[in-house]
Amino acid sequence: MKTTTVTKRLAGLGGVKWGVYRKARELNQSGAGIVEMTIGEPDVAVSDALIDATIAALQAGRTGYSNGRGEAGLLDALAERYSATRGRDFRPGNFLCFPGTQTALFAVMAGVAEAGDEVLVGDPMYATYEGVVRASGAEMVAVPLRPEHGFRMQAADIAARITPRSRAILLTTPHNPTGAILTAEDIARIGQLAIAHDLWIISDEVYEELVFDDADFTSPLADPALADRVVAVSSISKSHAAPGFRSGWCAGPAAFCEALLPYSETMLFGNQPFIADMTELAIRRGSEAAPAMVERFESRAHLLADRLTTETALTVHRPAAGMFALVNVSATGLDGEAYAWDLLQAGVAVMPGSAFGDNLNDWVRVALTISDTEFATALDRIVDHAKKNTR
Ligand SMILES: Cc1ncc(COP(=O)(O)O)c(C=O)c1O
């Protein structure tokens with residue numbers, strides 16, 4: 001069978017990283033009772049209002065072809081929302097709608113980088129990023145995100161890796177898996193580099209609405225000096241607990257969106273009008289689900305940090321947003337991968353940090369999205385296991 005180079009560039013990405021997750025699923029099929037803290041999905045159902053809006057749109061016949069950019073009502077809603085939250089004027093022409101952040105990111109990457117280019121990506125990173133960069137033909141250059149800087153990407157670490165082939169910096173704020181949020185100063189420094197070296201900034205902001213109480217979110221879209229080089233991607237997957245609806249967008253310079261439109265049309269031949277209607281409502285009303293998720297995830301992150309810090313030698317990086325916390329397991333003498341397999345025997349499944357890049361070998365990622373009861377059980381098991389396995 002002959003396949004193209006893009007299939008080879010993507011071969012081997014993904015599968016191996018999910019070993020613990022898959023094993024836990026398999027064991028639980030036969031009733032093993034493992035608490036799964038591997039993947040994170042919103043822990044509530046989509047609101048009735050959004051389900052009703054979808055059904056009403058379907059019944060109203062909103063099932064025909066749309067256009068490549070998105071439905072007018074949704075584009076207006078996005079323009080209003082981004083104008084209000086970014087403090088700059090956004091118009092419908094600043095957006096393209098896509099089935100989720102992931103597709104938006106895929107298309108945007110194809111619009112800024114190609115073979116011969118380099119894209120700077122923070123390590124650790126969200127699981128699909130390497131594939132997204134490689135699919136474009138470009139090469140990924142990992143920029144270490146360091147615990148001593150709260151895992152926030154530092155301009156100096158980017159600067160040390162910029163070459164004449166650098167084309168874009170991919171930011172994730174708030175970040176998965178670290179839960180870090182870039183400060184306005186971080187963004188200003190990174191922005192100066194982007195201007196000096198004529199780089200694009202792609203900003204994955206899918207966790208924007210899951211920012212914890214004592215933290216502030218700043219988008220690079222808010223800086224007028226960066227307006228012609230920032231493209232943000234996001235969706236209602238996390239904010240409205242609606243990942244299965246696959247409804248997202250990119251927000252960026254009108255000329256960029258215009259240039260990317262044929263790519264989007266070629267790929268999708270338009271969005272789904274009934275999903276667009278539901279998303280318009282979601283954007284206009286804001287999220288009912290997000291504040292309660294924030295409260296739950298934040299309090300579980302605190303609980304995890306408090307218990308592990310007082311009762312074990314494990315350390316926790318406190319997230320400022322999102323659905324995950326990171327635990328440093330070096331006190332056990334195991335790396336994250338070996339620890340995750342060992343902890344599985346004790347009835348808890350977590351993601352080895354190595355699944356997210358080369359810089360989290362001593363860490364594991366814990367999802368905060370399970371029920372309080374399951375969370376308490378998992379904590380007891382993690383504490384017991386740590387007490388028995390600390391050097
Ligand atoms: C950082 C990040 N970007 C993108 C996505 C995918 O989002 P969507 O469902 O909108 O495609 C996820 C999902 O977990 C994520 O964590």
Side-chain angles (χ1 to χ4, degrees), residues 13-14 17-18 21 36-44 46 50 70 74 78 95-110 119 121-133 135 140 143 145 151-153 169-182 201-211 217 219-220 231-251 264 267-268 271-272 275-276 278-279 282-283 287 289-290 293 297 319-326 351 353 355-357 360 365-369:
L13 288 179
K17 300 173 178 173
W18 302 95
Y21 161 77
E36 294 188 40
M37 305 172 102
T38 45
I39 57 167
E41 282 205 55
D43 62 348
V44 279
V46 181
L50 296 185
L74 173 54
L78 286 168
F95 299 90
L96 291 176
C97 295
F98 289 97
T101 312
Q102 184 63 37
T103 329
L105 180 62
F106 189 91
V108 168
M109 192 61 76
V119 178
V121 183
D123 178 348
M125 72 195 75
Y126 176 53
T128 68
Y129 284 177
E130 188 171 0
V132 168
V133 176
M140 189 186 79
V143 179
L145 306 181
F151 289 109
R152 295 179 351 260
M153 195 187 267
I169 305 168
L170 172 54
L171 304 178
T172 320
T173 185
H175 191 267
N176 175 9
T178 68
I181 303 180
L182 292 172
I201 294 177
I202 305 172
S203 183
D204 181 341
E205 303 178 351
V206 72
Y207 291 102
E208 170 181 356
E209 305 238 0
L210 297 188
V211 171
F217 166 73
S219 167
V231 188
V233 289
S234 195
S235 74
I236 58 167
S237 293
K238 314 290 178 187
S239 59
H240 293 74
F245 280 83
R246 310 309 300 133
S247 187
W249 54 86
C250 74
S264 163
M267 188 164 70
L268 302 172
N271 294 269
Q272 310 91 313
I275 299 282
M278 173 271 201
T279 308
I283 303 290
S287 174
M293 277 193 282
F297 302 158
M323 303 179 163
F324 305 102
L326 293 178
M351 284 298 285
F356 306 99
L360 276 189
R365 188 191 75 173
V366 174
L368 304 167
T369 49

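The first residue of the sequence shown is numbered 1, and numbering continues consecutively from there. In listed order, ligands and their atoms are each counted from 1. Here the structure is a predicted model, which means the values were calculated and not measured.
Taking 4.0 Å as the cut-off, Arg246 counts as a neighbour of ligand 1 on heavy-atom distance. Residue contacts with ligand 1 leave out Phe106, since none of its heavy atoms falls under 4.0 Å from the ligand.
The heavy atom nearest to atom 13 (C) of ligand 1, out of those in Gln102, Lys238, Met323, is found in Lys238. Taking all heavy atoms of Gly248, Pro174, Ser237, Gly322 into account, the minimum distance to atom 9 (O) of ligand 1 is reached by Ser237.
Between Asp123 and Gly357, the closest heavy-atom pair is OD1-CA, 3.2 Å. Considering all non-hydrogen atoms of both residues, Glu205 and Pro220 come closest at OE2-CD, 3.4 Å.
Residues Phe217 and Pro174 meet the side-chain proximity criterion, which asks for heavy atoms closer than 4.5 Å. When side chains are defined from C-beta on, Thr101 does not count as touching Lys238, because their heavy atoms never get closer than 4.5 Å.
Judged purely by atom type and a 3.5 angstrom limit, Ser247 has no side-chain atom pairing as donor or acceptor with the backbone of Thr279. Using a distance-only test at 3.5 Å, with no hydrogens or angles considered, no donor-acceptor pair links the side chain of Thr369 to the main chain of Gly40.
Atom 1 (C) of ligand 1 has as its closest protein heavy atom Asp204 OD2, 3.4 Å. Looking only at heavy atoms of the protein, atom 6 (C) of ligand 1 is closest to Tyr126 OH, 3.8 Å.
Numbered from 1 in the order shown, with element, the atoms of ligand 1 that lie under 4.0 Å from a heavy atom of Gly100 read 10 (O), 11 (O). Every atom of ligand 1 with a heavy atom of Tyr207 under 4.0 Å away is listed here by number and element: 1 (C), 14 (O), 15 (C), 16 (O). Taking a cut-off of under 4.0 Å to the non-hydrogen atoms of Thr172, the atoms of ligand 1 that pass are 1 (C). For ligand 1, the atoms sitting less than 4.0 Å from at least one non-hydrogen atom of Tyr129 are 1 (C), numbered in the order shown with element in parentheses.
Residue contacts with ligand 1 for Thr101 involve both N, CA, C or O and side-chain atoms from C-beta outward (heavy atoms, distance under 4.0 Å).
Atom CZ of Phe106 has 12 or fewer heavy atoms from other residues, nucleotides or ligands within 6.0 Å.
With hydrogens and angles left out, the side-chain atoms of Ser234 and Glu208 include no donor and acceptor closer than 3.5 Å.
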